[in-house]
Amino acid sequence: MSKEQNFVDRLWDFFCSLKLAIVTLILLALTSILGTVIEQGSTPEELAAKSGWSVDFLKALDRINAFDMYHSWWFLALMGLFAVNLICCSIKRFPFVWKTVREPRLVADDGFFRSLSNVEEVVVAKGTLDGVRDQVANLLKNQFAAPVITEQDGKYHLYAEKGAISRFGVYVTHSSILIIFLGAMIGNIWGYKAFVNVVEGKSVDQVWTRGGKEPVPLGFAVRCDDFDVSYYEGSMRPKEYSSDLVILDNGQEVLKKRIEVNDPLSYKGLTFYQSSFGPAGDPVFRFRVRDRASGQAVEVTARQGEHVPLPGGVSFAVTNFAENYERFGPAAQLHVNTPDGRHGNPFVVLQNFPEFDAQRGGEQIFSLLGFEQRYYTGLQVAKDPGVWVVWLGCFLMVLGSCGAFFLSHRRLWVTLQPEGNGVRVKIGGNAHRNQPAFALYFDALKKDLNDALASK
C-alpha cells in the first residue's frame, strides 16, 4: 500500500512537473506576442488612433498593464514561476547525474550486459589473462579512452568513458535561462527607456521616460551638431536620416559620432538611438527680387507668413513651402501685396529654375536662392544595466546547448575471465544520447578488437 503524500511532497511534485513547465512556457509565449502587438509605452488613445481598435477594449487591456507588460506583476510572476520550476527540476535530477559521473559502475555482470541491448559481444581469445587484459586496455586507450581496471573474483573488469561532461550541458542551459531572466529583471527594475528631442546646434542634459512626470538627468550633455535627411525620389518619404552627436562631460567633448537608424551611440551605460525628426521652427528663405521694368535686383530674407517690404511700396509673403515639389526640387509659394494691402494671386517659385517666375508676367520677378531649415533629432534613450548579464546567459546557453545536443556520454565495459585454454572477452557499451551513431562506432570497435585478438 503506497504511502499518502503530505502537502510538502505534493508541492514539490507540482514544482517539478513537466506539465507546469509546458504551461508556463505557453503562457510566456502568448504574453510576449501580446507585448509585441501592443506598442509598449504608448496609451490606449494613441494605439486606437493608429490601429482603429476600440478604445474601451484597449483601456481594458491597460488595466492589466498590457501597455507596460514587461514591468507588470503578473509577467514577473510568470517568469518567477518558470524559474522555480526550472530550479526544482534541475535539483531533482542532478544527484542522479552527479552520481553517474562521479561514481560510475566499474564492474558489469551478465545482467547488466543484457540491459545494454544489442551493443555487446562475446569472443574467446588465446593467451594469458594478463596478456589479453593489456592488449584490450591498449586498444581502448588508443581508440577510445584509457580504461579503469578492476580485478574481482579472478576476473578483470575494464571501464572506459568519454564525454561525461556532456551530462551537465542541460544544467548549463538551465542556468543560462535563469541568468537571462535575472538580466531582464535587472534591466526592468534599474533600467528605463526614454526619449528626447535635440535641436540642431543645441544640447540637452536630461531625458523623459514614457509616462514620467519628472525628467531624468543624464549626468552629461548631448549636443546635435548637424542633422541630414534624404527622401525617395518624387516623394516626401524619408529614405535615410542621421545626426551628428557630441557627448559633453564636465564641459569637455569626449565623444563624437554620426548615428543612423540601427547604428546608435553608447556612453556610460546609455544608448542613444535615432528615432525620429522634425522641423524646428520655420525655415528662413533667401530671395532675389528683380524689377521687370528697371532690371534692378535686391536680395531679401523672409520667414513663412512674414510680410517683407519691397521697393515701390509693395510687399510679399511666403505662404507655403515644399522641399521637393513635384520632383522639381525646393519650391515656395508666394503672394505679392499691393501698396494698399490687397493680396495678389499666389504663385510658385522654384529654386532649381531661377527664371521660372519671369513667365508669370508680374512687375517683380522672384528667384529662390536657398533656404535654411533647422531640424530636431528625436532620440530614444535606453538604459539597461542587465544587458551584460543577458549576454553572459546567451553565451552559456550556446555553450550548454552544444554540450547537450552535439556531445554524448559514451561508456564501455569489458569483462575478461579464463575459459579453457583461453580468455573469454565480453564487451558492451551505451551512450546517453544519439544511440544509433554510437552503435555504428561500437560495431567498428568490436571488429578491431576481434582482429587484434585473432592475430595474437
Side-chain angles (χ1 to χ4, degrees), residues 35 38-47 50 62 65-73 75-76 79 179-229 238 241-281 373-394:
I38 296 178
E39 184 178 350
Q40 300 295 290
S42 63
T43 64
E45 291 77 13
E46 291 173 347
L47 186 56
K50 295 179 181 178
D62 191 31
N65 294 331
F67 287 83
D68 192 17
M69 191 188 74
Y70 301 110
H71 294 88
S72 64
W73 66 268
F75 185 80
L76 295 177
M79 290 180 60
I179 291 173
I180 291 173
F181 280 3
L182 176 63
M185 294 182 70
I186 291 174
N188 283 338
I189 296 173
W190 288 287
Y192 60 79
K193 288 186 177 180
F195 64 93
V196 67
N197 295 333
V198 188
V199 179
E200 287 182 282
K202 303 292 184 179
S203 61
V204 297
D205 58 5
Q206 57 187 18
V207 295
W208 294 85
T209 59
R210 300 288 180 183
K213 297 181 180 179
E214 297 292 334
V216 178
L218 296 174
F220 54 89
V222 181
R223 187 179 71 213
C224 178
D225 282 350
D226 188 34
F227 176 83
D228 290 321
V229 58
Y241 47 96
S242 58
S243 304
D244 290 336
L245 299 185
V246 179
I247 301 294
L248 304 168
D249 204 340
N250 294 322
Q252 301 295 320
E253 295 185 0
V254 296
L255 181 62
K256 292 183 178 181
K257 183 178 180 180
R258 168 167 285 233
I259 69 168
E260 301 174 348
V261 177
N262 298 325
D263 184 18
L265 177 149
S266 297
Y267 183 71
K268 285 190 173 181
L270 293 173
T271 304
F272 298 85
Y273 298 90
Q274 181 70 73
S275 176
S276 61
F277 69 95
Q373 171 68 72
R374 285 205 305 173
Y375 286 88
Y376 70 81
T377 178
L379 304 178
Q380 181 177 323
V381 186
K383 179 182 180 182
D384 189 357
V387 65
W388 291 110
V389 180
V390 172
W391 278 115
L392 172 63
C394 293

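Index from 1, following the sequence.
Under a 4.0 Å N-O distance rule, the pair Lys193/Asp384 does not qualify as a salt bridge. With salt bridges taken as basic N to acidic carboxylate O contacts below 4.0 Å, one links Lys257 and Asp263. Contact check on Asp225 versus Lys256 returns no salt bridge, with no Lys/Arg side-chain nitrogen under 4.0 Å from an Asp/Glu carboxylate oxygen.
In this structure, Val387 and Val389 have side chains that are not in contact, with every pair of non-hydrogen atoms separated by 4.5 Å or more. The closest side-chain heavy-atom distance from Thr271 to Lys383 is not below 4.5 Å. Counting only heavy atoms from C-beta outward, the side chains of Val254 and Leu248 never approach each other to under 4.5 Å. Side-chain contact between Leu270 and Lys268 is absent, with no heavy atoms from C-beta onward closer than 4.5 Å. With contacts defined as side-chain heavy-atom distances shorter than 4.5 Å, the pair Val222/Phe272 qualifies. Counting heavy atoms from C-beta outward, Cys224 and Asp244 have side chains that stay 4.5 Å or more apart. With contacts defined as side-chain heavy-atom distances shorter than 4.5 Å, the pair Phe195/Val207 does not qualify.
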Run Asp228 and Tyr375 through side-chain hydrogen bond (donor to acceptor under 3.5 Å, both in side chains) and show every step you take. CA-CA 9 Å; Asp228 290 321; Tyr375 286 88; over 6 Å; no
In sequence, state the C-alpha distance, the side-chain angles, and the governing distance for Thr377 and Gln274, and then conclude on side-chain hydrogen bond (donor to acceptor under 3.5 Å, both in side chains). CA-CA 7 Å; Thr377 178; Gln274 181 70 73; 2.8 Å; yes
Under the side chain to side chain contact (heavy atoms under 4.5 Å, CB included) criterion, do Asp205 and Phe220 qualify, and how do the steps go? CA-CA 6 Å; Asp205 58 5; Phe220 54 89; over 6 Å; no
Could you go step by step and tell me if Lys202 and Arg374 meet the side chain to side chain contact (heavy atoms under 4.5 Å, CB included) rule? CA-CA 11 Å; Lys202 303 292 184 179; Arg374 285 205 305 173; 4.1 Å; yes
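Between Phe277 and Tyr376, the distance separating the two ring centers is not shorter than 6.0 angstrom.
For the atom pair CD1 (Ile38) and CG (Asp68), the distance works out to 11.5 Å, reported to the nearest 0.5 Å. The structure places SG of Cys394 at 4.0 Å from CD1 of Ile180, a figure rounded to the nearest 0.5 Å. Rounded to the nearest 0.5 Å, atoms CD (Gln252) and CG (Asn250) are 8.0 Å apart.
Across every non-hydrogen atom of Gly191 and Pro385, the tightest pair is CA-CD, 3.7 Å. Closest of all the heavy-atom pairs between Gln373 and Ala280 is NE2-N, 3.8 Å. Taking each heavy atom of Phe227 and Glu200 in turn, the nearest pair found is N-OE2, 2.9 Å. Across Ser242 and Glu260, no two heavy atoms sit closer than the pair CB-CG, 3.6 Å. In this structure, Ala184 and Val390 approach most closely via the heavy-atom pair N-CG2, 3.9 Å. Scanning both residues, Pro238 and Val229, for their nearest heavy atoms gives CB-CG2, 4.2 Å.
Using a distance-only test at 3.5 Å, with no hydrogens or angles considered, a donor-acceptor pair links the side chain of Asn188 to the main chain of Tyr70.
With Leu379 as reference, Ile259 is the one residue of Leu265, Ile259, Asn197 to meet the side-chain contact (heavy atoms from CB on, under 4.5 Å) rule.
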